[in-house]
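To start, the structure itself, in C-alpha cells.
Here is how names work: the chains are called A, B, and so on, in the same order as the sequence lines, proteins then strands, and each is numbered from 1.
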Amino acid sequence: MHMSESVTEKVTYPTIATLSEHEGETIILRGWLYNLRESGKLLFPIFRDGTGTIQGIVPKAAVAPEVFDRIKGLTLESSVIVTGKVRADSRAPSGFELDVQDLEIVQQVSAETPFPISLKEHGVDFLMEHRHLWVRTPRQSAILRVRATIMRAAAEYFDTNGFTRTDPPILTPNACEGTSELFEMDYFDDGKAYLTQSGQLYIEATALALGKVYSFGPTFRAEKSKTRRHLTEFWMIEPEVAYIELDGLMELAENFISHIVARVLEGHRADLKVIGRDVTKLETIKAPFPKISYDEAAAMLAEAFKEGKIENEFVYGNDFGSPDETYISSQFDRPVMVHRYPAAFKAFYMQPDPLDPTKALCVDVLAPEGYGEIIGGSQRIDSYDLLKSRIEEHHLPLDAFQWYLDLRRYGSVPHAGFGMGIERAVAWICGLDHVRETIPFARTLNRIYP
RNA sequence: UCCUGAGUAGCUCAAUGGCAGAGCAUUCGGCUGUUAACCGAAGGGUUGUAGGUUCGAGUCCUACCUCAGGAGCCA
C-alpha cells in the first residue's frame with residue numbers, strides 16, 4: 001500500500017490530549033476514525049489518536065466537495081490525517097471540537113470487512129477473540145495507560161529508595177516452592193526446565209549481595225484456575241531487603257502502594273473517568289494501613305458469622321477463602337495488612353514467629369472493595385539448620401536447594417521481601433471486575449489467541 | 001479437577017414442541033448540531049457438533065465440543 005510522505009515527514013503534531021493548549025490553531029492530527037455521525041449536509045466524524053478522542057465538524061459548504069465525499073464515505077477505524085482548527089465548544093464532551101478543513105485517508109477499512117468492535121455491547125468471548133482490536137477502544141486504552149503508570153511508579157519507588165533491580169532467570173531448573181503447577185519444557189540434554197513461578201529465592205541471593213534489591217518480570221503458573229483473579233502469565237514486582245524484619249517489610253509495602261496510587265491519581269484523572277472508577281475510593285489510600293493479625297482476622301470472621309453477616313463459618317487454622325478475604329477487606333477503607341498466618345499452610349521458607357512458632361512472620365495485603373490479596377510477603381528463615389529441616393519436612397529435593405542453603409551458610413542475616421501481582425493491583429486501582437482487561441494480551445486457562 | 005450456567009444473522013439478544021425474528025453493524029435513501037444520533041429501505045441463517053424421541057425440534061433426551069462464573073490454589 002502506498003503511504004503518502006506526510007505520514008513520515010518531520011513535523012510535530014499535537015496529540016488530542018493536549019489540544020486544549022492549541023485553541024484557535026490549525027493543527028494536523030494523525031489517527032483513526034472512531035465514529036461518524038451525519039445530519040444532512042453536516043458530518044460529525046470523531047477521531048482518536050491513542051491519547052483521546054475529539055469530534056470534528058464538517059459542513060458541506062465549508063470544504064471542497066471531494067473532501068466532503070471522502071469523509072462521508074469513511075468506514076470506522078480507517079486511518080486518517082486530518083487538518084483542522086481547534087475550537088472551544090460547550091457541546092463537546094472534552095470542551096473542544098475540530099473544524100475540519102482537509103482529510104487524507106491513509107488506509108480505508110473495507111466495508112466488506114467492517115471493524116468488528118462496534119460501539120454497542122459485546123460478549124467476553126468475542127472481545128477476547130478480538131483483543132488485538134479491542135485495545136483500540138477508549139476504555140481499554142485508558143486501562144493500559146494506567147497499567148503503564150502503575151508499573152513505572154512501582155519501579156520508580158524502588159529505584160529512588162536505594163534498591164538495585166536484579167531480575168532472576170525465567171527458566172528455572174525446578175519448582176521454587178514445590179507446590180504450584182509449572183510450565184515445563186525440554187532444556188537441551190539437561191532434562192527439564194520450567195518457567196519461573198517466582199523469582200524470590202534468586203533475589204534473596206542478590207539481596208545478600210546488594211542489600212536492597214527488586215525484580216520485575218513475568219511469572220507463570222500452570223494452575224487450572226478459572227476465576228476473575230487469575231492469569232497463567234502475569235507480572236510481578238518483588239523487593240527483597242537484607243536486615244529488615246516483618247515490621248519493616250509492612251512499612252515498605254504500605255509506602256510502596258501509597259506511592260503508586262498517588263502517581264495514578266496525579267496523572268490519570270481523565271482515564272479513571274473513562275474507566276468509570278470512583279476516585280474518592282482511591283484518595284483515601286495513604287499509609288499507614290490497618291494491620292491485623294491472622295488471629296484478629298479470624299475473630300472478625302467468627303463474629304460476623306455469629307451476627308449473620310456472612311454465610312460460611314470460618315474454621316480457625318485454615319487459610320482464608322476468597323469470600324473471607326472480601327469480608328475482611330470490606331471492613332476497611334484502605335488496604336489491610338494481615339500478618340502472622342499459621343505456618344502450617346504457608347511456604348517452607350517463612351521465618352517462624354519467636355512469640356508463637358506455629359505462626360509465620362508473613363503478611364498479605366488485601367485490597368479494599370473485595371479485590372483480595374495483591375501482595376504476599378514474609379521474613380525468610382535465616383538459620384541454616386531450620387531451613388534445612390523445613391526443606392526436608394516439605395519433601396523438597398535437597399540437592400536443588402544447596403545454593404539456597406548456602407545463603408544461610410555465608411553471612412546469613414534477617415531479611416524479608418514481598419511480591420505484588422501487577423494485574424491484581426491494576427484491577428483494584430481501575431475498579432475492574434476481571435484481571436484479563438489489565439494486561440494487553442491475557443493468557444488464561446482457555447485462551448492463548450491472539 | 002469439580003460444581004453451575006450459556007451456545008440462534010458479523011455483534012447483542014428474542015422466539016409456549018407448529019411460518020427463525022428484532023436492534024446494532026454493512027449497503028442505498030432522507031435530515032445543517034449530531035452525542036452508542038435519528039427516520040425509511042435492502043441484503044444477511046447448516047439455530048455449536050453428532051445421534052435420538054416426535055406427524056413436526058432452535059425448543060425435549062444422550063454424548064461430545066466451546067465459552068463463562070465459582071471452588072480448590074495462588075499474586
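- Within 4.0 Å of Glu112(A), counting heavy atoms only, lies no atom of the nucleic acid at all.
- Residue contacts shown for His434(A) are limited to sugar-phosphate atoms, with no base heavy atom under 4.0 Å away.
- Counting heavy atoms from C-beta on, the side chains of Ser378(A) and Tyr349(A) come closer than 4.5 Å.
- Nucleic acid contact class of Ile375(A) (heavy atoms, under 4.0 Å, all strands): sugar-phosphate only.
- Contact annotation: Arg87(A) side-chain N/O to G33(B) OP1/OP2 distance is not under 4.0 Å.
- Searching all strands for a Watson-Crick or G-U wobble partner of G43(B) with both distances below 3.5 Å returns nothing.
- Within 4.0 Å of Ser322(A), counting heavy atoms only, lie sugar-phosphate atoms of the nucleic acid but no base atom.
- Summarising the geometry, the separation between NZ on Lys41(A) and P on U34(B) is reported as 17 Å, rounded to the nearest angstrom.
- Along RNA chain B, the nucleotide closest to Leu76(A) and the one closest to Asp89(A) are compared, and the more 5′ of them pairs with Leu76(A).
- Contact check on Lys281(A) versus Asp278(A) returns a salt bridge, with a Lys/Arg side-chain nitrogen under 4.0 Å from an Asp/Glu carboxylate oxygen.
- Candidate nucleotides C31(B), U27(B), A71(B) were compared by shortest atom distance to the side chain of Arg229(A), and A71(B) ranks first.
- Under the 30°/60° scheme for interplanar angles, the aromatic rings of Phe418(A) and Phe256(A) are found to be tilted.
- Using the Watson-Crick or G-U wobble rule with both distances under 3.5 Å, C11(B) pairs with G23(B).
- Relative orientation of the Tyr214(A) and Phe158(A) rings is tilted, given thresholds of 30° and 60° on the angle between their planes.
- Counting to the nearest Å, the C1' atom of C74(B) and the CD atom of Gln200(A) are 14 Å from each other.
- Across the C1' atoms, U8(B) and G23(B) are found 15 Å apart, a figure rounded to whole Å.
- Comparing Lys72(A) and Ile57(A), the nucleotide of RNA chain B nearest to each residue sits closer to the 5' end for Lys72(A).
- Whole-Å rounding puts the Ile117(A) CD1 to C24(B) P distance at 19 Å.
- Taking the P atom of each, C11(B) and G48(B) are spaced 13 Å apart, rounded to whole Å.
- At a cut-off of 3.5 Å, with distance as the only test, no side-chain donor of Arg436(A) or Thr438(A) sits close to an acceptor on the other residue.
- A donor N or O paired with an acceptor N or O is not found under 3.5 Å between the base of U34(B) and the side-chain atoms of Glu38(A).
- Counting distance only, with no hydrogens placed and no angle test, the side-chain atoms of Ser225(A) and the base atoms of C73(B) include a donor-acceptor pair under 3.5 Å.
- Across all strands shown, Lys226(A) has heavy atoms under 4.0 Å from base atoms, whether or not it also approaches the sugar-phosphate.
- Rounded to whole Å, the separation between the C1' atoms of A25(B) and A57(B) comes to 31 Å.
- Using a 4.0 Å heavy-atom criterion, one finds that Leu231(A) contacts the bases of the nucleic acid, with or without backbone contacts as well.
- Here Asn446(A) does not reach the OP1 or OP2 of U66(B): none of its side-chain N or O atoms lies under 4.0 Å away.
- For the C1' atoms, the distance from G44(B) to U26(B) is 9 Å, rounded to whole Å.
- Using the six-membered ring where Trp is involved, Phe320(A) and Phe314(A) have ring planes that are tilted, between 30° and 60° apart.
- Using Watson-Crick or G-U wobble geometry with both donor-acceptor distances under 3.5 Å, A6(B) finds its partner in U66(B).
- Asp364(A) comes within contact range of no nucleotide atom at all, as no heavy-atom separation falls under 4.0 Å.
- Annotation for Glu121(A): atom CD does not count as buried by contact number, only 12 or fewer foreign heavy atoms lying within 6.0 Å.
- For the 3.5 Å distance criterion, the side chains of Glu238(A) and Ser198(A) qualify, holding a donor opposite an acceptor.
- Taking only side-chain atoms of Arg228(A), from C-beta outward, the nucleotide of C74(B), G70(B), A68(B) with the closest atom is G70(B).
- Distance noted for atom P between C24(B) and C39(B): 7 Å (whole Å).
- A9(B) and A20(B) have their P atoms separated by 16 Å, with the value rounded to a whole Å.
- For the C1' atoms, the distance linking G21(B) with G45(B) amounts to 11 Å, nearest Å.
- Nucleic acid contact class of Gly123(A) (heavy atoms, under 4.0 Å, all strands): sugar-phosphate only.
- Under the Watson-Crick or G-U wobble criterion, with both distances below 3.5 Å, A71(B) is paired with U1(B).
- Proximity of Arg436(A) to the phosphate of G69(B): a side-chain N or O atom is located under 4.0 Å from OP1 or OP2.
- Within the 4.0 angstrom heavy-atom criterion, base atoms lie near Glu121(A).
- Close to G23(B), at under 4.0 Å from its OP1 or OP2, lies no side-chain N or O of Lys120(A).
- For His122(A) and C11(B), a side-chain-to-base donor-acceptor distance below 3.5 Å is absent, hydrogens and geometry of angles not being considered.
- The P atoms of G10(B) and U49(B) are separated by 13 Å, rounded to the nearest whole Å.
- Between the side chain of Arg424(A) and the base of C74(B) there is at least one donor-acceptor pair of N/O atoms closer than 3.5 Å.
- Within the shown strands, C61(B) is the pairing partner of G51(B) under the Watson-Crick or G-U definition, both distances less than 3.5 Å.
- Contacts of Phe126(A) with the nucleic acid, taken as non-hydrogen atoms under 4.0 Å apart, involve only primed sugar atoms and P, OP1 or OP2.
- The separation between Glu325(A) atom CD and A75(B) atom P is 11 Å, rounded to whole Å.
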